[in-house]
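Letters go in sequence order (proteins before strands), and every chain restarts at 1. Scope of the values below: all heavy atoms of this structure, side chains included, with no hydrogens, waters or symmetry mates.
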Number of protein chains: 2
Amino acid sequence: MQTPLIRPAVTAADRVLLEIQRAIVEGDIAAGSKISEPELAKRFDLSRAPLREALARLERCHLIERIPNAGARVVKLSTQGLLSLYQLRETLEGLACRLAAEHMADSEIAELRALLDQHLSTQRVREGESYYQEAGDLDFHYRVILGSKNAYLINILCDELYHLVRMYRVQLGMNGPRVSRAFDEHKAILNAIANRDGELADLLMRRHIAASRRNIEKQLEQTGT
Amino acid sequence: MQTPLIRPAVTAADRVLLEIQRAIVEGDIAAGSKISEPELAKRFDLSRAPLREALARLERCHLIERIPNAGARVVKLSTQGLLSLYQLRETLEGLACRLAAEHMADSEIAELRALLDQHLSTQRVREGESYYQEAGDLDFHYRVILGSKNAYLINILCDELYHLVRMYRVQLGMNGPRVSRAFDEHKAILNAIANRDGELADLLMRRHIAASRRNIEKQLEQTGT
DNA sequence: AAAGCAAATATTGTCGACAATAAGACTAAA
DNA sequence: TTTAGTCTTATTGTCGACAATATTTGCTTT
């Protein structure tokens, strides 16, 4: 899935932001490692001004942590952090679902249903390939969030937490056997939205994310605490 | 109340951020007006580099909106925006309450109770003065949020939404007759937290914020849609 | 007179260099 | 040998100037 809601990268800071974002999420720049401005500037062949702009935005989406006069470090993944993140997502995406049930246009709901059908066929063809599943999952969530029509909520979920969620998924190797089950859950959520049952949509989405969290936690235990 | 959770302003960008933040919140820089980097740089007597750093953070807390190559504007207040903001606050601070009921130490709860008692006496002395009430209200909410111990939640509420909430309150002239009632509601929330009843604390906080929202909306209607 | 185009102007984005602060290396004393 | 302090080095914060983009102004054309 192409990163959502992001304006076309018109400026140099935009471009380098996308590159560094990808590098961090995929572990190309190691979690916990120090960020050197001169080094990155050389590596991406631009001056420090746009680079610092990019770093400011990386801090915004919690991918790095900056200390004044001391520099930036890539965020460290932790069980505690994962828990906090999913705790928040449960509540926020639940709210998004409730609002989506109120605000999504019938046409948008129809499109979302079409998307799910498409995921189903894709899933059958590409059985086991995690990338498509992940992209599909995120795409579904993404559309529901947009359907809430709450600008602040959209900003938080799509801009500020989205990449961190991806980072946890990628670096913990989330491919898992949850594919088909997640698909059914999506379907149920969509039905609730289509029935304009915000309360049920909220509940189902919270459960969906809680299940996803437990799944990741299980992987964490296997890898090592 | 001193602005919370903000590191001591060590850098020039920090200082100018605080100044501009205050200016925007209090309407000293008009809502909807254009931000001129050269003008502000001259006004605060520094170069554009730290100023732009400050602008990036102002965008982060939704006080300005930037368009690439076209500049920044102070955010415009709207009924729609207010509704979205309070919708989100309801959910988030409800969650914060629930978590606070789980995670706050007994000592923290005791301190919070002391704070409320102090508010009560202050309120009796300074009957009608809005500043103290607002500060007290925000301080109570602030402590509960910190009590949640969820770093992402704290960041969103205290860093990203806090100043915008203040902006609505200040510019819509929120002093209102809700003082004593809000105080009672705080007391009830605290009791729920002290009883470790997260569910009730959640519910009460949501109602508290909903009441606050309705109060502001009433003011909005009086002023003009 | 109105609309569309073109030059001029102003603003934002980027750059390289300097200043201020923090991290690291080295020396000296216990 | 360890520890404290100082000096060196490297990194971040800030500056002023230049390049690229958007806005405004004025002119031309219908």
Using a 4.0 Å heavy-atom cut-off, write out nucleotides 5-17 of chain D from 5' to 3' as B (base contacted by protein), S (sugar-phosphate only) or - (no contact).
-------BBBB-B
Output yes when A:Lys34 and A:Glu39 qualify as a salt bridge under the 4.0 Å nitrogen-oxygen rule, no when they do not.
no
Are B:Arg60 and A:Glu160 within salt-bridge range, i.e. N to O under 4.0 Å?
no
Side chains of A:His208 and A:His186: donor-acceptor distance under 3.5 Å anywhere?
yes
SB check B:Glu53 B:Arg57 (cutoff 4.0 Å)
yes
For the pair A:Asp117 and A:Arg113, find out whether any cationic side-chain nitrogen is under 4.0 Å from an anionic carboxylate oxygen.
no
